[in-house]
Amino acid sequence: MPELPEVENVRKQLAPSFVSRTIQEIWAGPNSYFFITPPRQLKRELPGKKVRALARHGKYLVATLSDDSQLLLHLGMTGQLTTQVQEQDRHLHLIFKMSRGKTIYFRDVRKFGKVEWIAPGESSTRLEKLGPDALELEGEALYRASRNRKIPVKTLLLDQKVSAGIGNIYADEALFRAGIRPSRPSSRLTKSEAIKLAREVRQILALAVSAGGSSINDYMQPNGNEGDFQHLHKIYGKTGETCSECEAKIQRVVLGGRSSHFCRRCQK
DNA sequence: GCACATGTTCTCGG
DNA sequence: CCCGAGAACATGTG
């Protein structure tokens, strides 16, 4: 469910239940795949610490704790952070009991989500690998990253080292709005196209944040509401439908192992 | 059974 | 060491 706009909405909604509260108790399920930091260590380290801030870098949520340690949360494909879950959920992996009566649940059906605790003074290789947040992607930087690369421009956009936060939906949407085919070799991008594409990326992400993200399948905000941006998708998931800007049928190809949607008339 | 799913990481060959 | 392609991870839905 989560690309930058969805994660940003989770961050904003979760903050009141998380920030300025003390972690009183941790419940962690037995799923070793899900935990970078093992459950026993989380149970040992987290209780008693206060959450000072909840930030987002790309698709990662980063909580800073009172001893300057950090807790990284990544939602993977199906992760959900919510303040209202029914107990007895087989996909529940982690529960934070916070001070003053708040509880936060982390559930994840496919378990591609991740939880990692970073000790004070340590740094996370995961965060260090991330490029600039996609809300601030600059055309110049995108152009530089595209030089001497053979990979499709779509795949370049998905590279979190180039820009952190873009996922499959918003990559397709931004390319459609920029009039660039997802299959275009990165090295064939002109500078003015790179500048336009970066602007479309920033714009669509900001719009999607405002709309509460996109809810398709199981994405939900922490309060249980759905986002609205899926109604504004113009290309993603619309294979075979008529393009909103012309009469052509929307095409689907696989690039870098991901479904990619485009209009052969509007995108060159 | 098959295809596919808002993601990341690892392996392999060049 | 860099690059790119493909597989792997775990589970559900149609």
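Computed over heavy atoms, backbone and side chain alike; hydrogens, waters and symmetry mates excluded. Convention: sequence-line order gives letters A, B, ...; per-chain numbering from 1.
- Taking atom CZ of residue A:Phe112 and atom P of nucleotide C:dG12, one finds them 12 Å apart after rounding to whole Å.
- Because its NZ or CZ atom is not both nearer than 6.0 Å to the ring centre of A:Phe176 and within 45° of the ring axis, A:Lys238 does not count as a cation-pi partner of that residue.
- Rounded to whole Å, the distance from CD on A:Gln80 to C1' on B:dG7 is 15 Å.
- Which of B:dT8, C:dT11, C:dG4 sits closest to the side chain of A:Tyr60 comes down to B:dT8.
- Look at CZ on A:Arg147: it is 14 Å from P on C:dC3, rounded to the nearest Å.
- Across all strands shown, B:dG7 forms a Watson-Crick or G-U wobble pair, both distances under 3.5 Å, with C:dC9.
- Residue side chain A:Tyr33 fails the stacking definition with respect to C:dC9, as its ring centre and the base's six-membered ring centre are not both under 5.5 angstrom apart and under 30 degrees in plane angle.
- For A:Ser259, counting side-chain heavy atoms from C-beta on, the closest listed nucleotide (B:dC4, B:dG7, B:dT9) is B:dC4.
- The shortest side-chain heavy-atom distance between A:His93 and A:Lys111 falls under the 4.5 Å cut-off.
- Here B:dT8 presents its C1' atom at 17 Å from CG of A:Leu157, a figure rounded to the nearest Å.
- Listed pair A:Arg110 / B:dA5 fails the phosphate criterion, with no side-chain N or O lying under 4.0 Å from OP1 or OP2.
- The phosphate of B:dG7 (OP1 or OP2) has no side-chain N or O of A:Gln160 nearer than 4.0 angstrom.
- Among B:dG7, B:dC4, B:dT9, the nucleotide with an atom closest to any side-chain atom of A:Arg126 is B:dT9.
- A donor-acceptor pair shorter than 3.5 Å cannot be found between the side chains of A:Arg149 and A:Ser187.
- In this structure, the nucleotide among C:dT11, C:dC9, C:dG4 sitting nearest to the side chain of A:His91 is C:dT11.
- For A:Arg90, taking side-chain heavy atoms from C-beta onward, the closest of the listed nucleotides B:dG7, C:dA10, C:dG12 is C:dG12.
- The CD1-P distance, from A:Ile151 to C:dC2, rounds to 15 Å in whole Å.
- The closest side-chain donor-acceptor pair between A:Glu200 and A:Tyr170, if any, does not fall under 3.5 angstrom.
- Comparing the same atom, P, in C:dA10 and in B:dT11 gives a spacing of 15 Å after rounding to whole Å.
- Residue A:Glu3 has its side chain nearest to B:dG7 when only B:dG7, C:dT11, B:dT9 are considered.
- Contact check, A:His74 against B:dT8: a side-chain N or O comes under 4.0 Å of OP1 or OP2.
- Dashed line: the shortest gap from a side-chain N or O of A:Lys114 to OP1 or OP2 of B:dT9 is not under 4.0 Å.
- Which of C:dG4, B:dA5, B:dG7 sits closest to the side chain of A:Arg252 comes down to B:dA5.
- The NZ atom of A:Lys150 sits 14 Å away from the C1' atom of B:dG13 (whole-angstrom rounding).
- Look at CG on A:Asp159: it is 10 Å from P on C:dG4, rounded to the nearest Å.
- In this structure, A:Gly257 reaches neither bases nor backbone, as no heavy-atom distance under 4.0 Å exists between it and the strands shown.
- If you take CG of A:Leu72 and P of B:dT8, they are 13 Å apart, rounded to a whole angstrom.
- Between A:Arg126 and A:Glu116, at least one side-chain N (NZ, or NE/NH1/NH2) sits under 4.0 Å from a carboxylate O, which counts as a salt bridge.
- Side chain to side chain, A:Glu128 and A:Ser123 meet the donor-acceptor criterion of an N or O pair below 3.5 Å.
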